[in-house]
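Worksheet: one structure, shown below.
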Amino acid sequence: NAGVTQTPKFQVLKTGQSMTLQCAQDMNHEYMSWYRQDPGMGLRLIHYSVGAGITDQGEVPNGYNVSRSTTEDFPLRLLSAAPSQTSVYFCASSYSLAGISYEQYFGPGTRLTVT
Amino acid sequence: GDSVTQMEGPVTLSEEAFLTINCTYTATGYPSLFWYVQYPGEGLQLLLKATKADDKGSNKGFEATYRKETTSFHLEKGSVQVSDSAVYFCALLYPTDTGRRALTFGSGTRLQVQP
């Protein structure tokens with residue numbers, strides 16, 4: 001299993017450009033999410049999905065769109081890039097356990113710089 | 001809302017020293033608690049977890065005990081190695097009725113172990 005994969009690893013955009021960060025998982029996890037990591041702030045949730053066709057907003061959704069057409073893929077779209085979106089983006093997936101803990105598996109991240 | 005507070009880093013230790021990284025949380029109900037580790041240039045990896053009060057999570061010589069009375073989940077290791085140098089994140093998960101399983105992260109603690 002490849003686990004959670006993300007592409008690209010690095011990206012530089014100019015202000016106003018759009019792009020899509022790709023995320024895929026091969027573990028048949030129903031839950032997927034996007035986080036951004038900024039210095040000194042831990043990770044913050046952007047959007048999440050509880051299954052194909054179902055998405056919802058997290059803490060910091062503005063400027064980002066998502067869709068979930070398959071269980072495996074959960075792309076994150078930046079509509080009009082801004083310097084405030086310079087960050088490292090992580091995709092994660094998880095599965096349900098009998099108890100109340102949900103282990104989340106993270107991709108290697110995409111480092112995005114907006115100039 | 002839920003929150004996680006970690007001791008600020010960096011924490012610099014000599015090889016074979018004892019490690020403690022403090023983590024306290026505020027949450028309603030009974031969240032699951034996690035420690036994640038991020039090695040340079042990589043994504044987050046689950047280090048250990050605990051799902052209920054007095055549970056002890058352990059992995060690779062690291063331990064943490066879920067203390068409900070002090071709302072803490074401190075990470076400890078008896079003898080650190082240079083290879084333990086990384087950023088450590090404490091996190092909690094409190095699933096909601098909507099199915100949201102977002103991790104709430106602390107800001108991370110950088111550990112540097114010197115030979």
Side-chain angles (χ1 to χ4, degrees), chain A residues 2-7 9-10 21 23 25 27 29-61 68 88-111, chain B residues 1-10 23 25 27-53 55 57 59 64 66 73 86-110:
Chain A
V4 180
T5 58
Q6 291 183 239
T7 56
K9 286 185 72 80
F10 302 94
L21 307 185
C23 173
Q25 53 92 7
M27 298 175 282
H29 290 173
E30 80 278 12
Y31 183 88
M32 298 184 74
S33 55
W34 278 101
Y35 293 86
R36 58 177 288 173
Q37 182 181 29
D38 300 298
M41 300 186 71
L43 280 74
R44 293 180 293 167
L45 183 69
I46 304 171
H47 284 287
Y48 69 97
S49 169
V50 299
I54 307 169
T55 64
D56 206 344
Q57 296 181 350
E59 299 173 66
V60 289
R68 183 99 179 266
V88 181
Y89 291 84
F90 289 100
C91 180
S93 72
S94 74
Y95 61 101
S96 298
L97 294 174
I100 60 172
S101 70
Y102 301 88
E103 297 186 37
Q104 296 204 14
Y105 295 81
F106 284 81
T110 294
R111 185 175 295 276
Chain B
D2 299 342
S3 66
V4 176
T5 302
Q6 288 181 237
M7 59 189 292
E8 289 196 18
C23 170
Y25 67 91
T28 55
Y30 302 95
S32 296
L33 300 174
F34 303 85
W35 277 100
Y36 280 85
V37 58
Q38 184 178 31
Y39 297 103
E42 298 184 11
L44 278 72
Q45 301 174 27
L46 179 65
L47 181 60
L48 53 84
K49 66 176 181 179
T51 59
K52 60 184 186 297
D55 264 5
N59 186 27
Y66 189 161
F73 193 53
V87 180
Y88 292 82
F89 291 93
C90 185
L92 67 80
L93 179 63
Y94 192 60
T96 69
D97 291 340
T98 64
R100 184 173 183 265
R101 302 178 208 164
L103 288 160
T104 298
F105 285 90
S107 57
T109 303
R110 182 176 300 278

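Every chain is numbered from 1 and lettered A, B, ... according to where its sequence line falls, protein lines coming before strand lines.
- Crowding of A/Arg111 atom CZ: a count of heavy atoms from other residues, nucleotides or ligands under 6.0 Å not exceeding 12.
- Expressed to the nearest 0.5 Å, how far OG1 of B/Thr104 lies from CD of A/Glu59 amounts to 6.5 Å.
- The nearest pair of heavy atoms linking A/Gln37 to B/Phe89 is NE2-CZ, 3.2 Å.
- The candidate from B/Glu8, B/Gln6, B/Gln38 with the greatest count of non-hydrogen atom pairs under 4.5 Å with chain A is B/Gln38.
- The main-chain N or O of B/Gln45 is never found under 3.5 Å from a side-chain atom of A/Tyr105 such that the two would form a donor-acceptor pair.
- In terms of heavy-atom proximity, B/Leu103 sits nearest to A/Tyr35 at N-OH, 3.0 Å.
- Taking CG of B/Leu44 as the start and CD of A/Gln104 as the end, the distance is 10.5 Å to the nearest 0.5 Å.
- A/Ser94 OG to B/Leu93 CG: the interatomic distance, rounded to the nearest 0.5 Å, is 7.5 Å.
- Neither the backbone nor the side chain of A/Gln6 comes within less than 4.5 Å of any heavy atom in chain B.
- Scanning for salt bridge (charged side-chain N to carboxylate O under 4.0 Å, His left out) contacts around A/Arg68 gives an empty result, with sequence neighbours left out.
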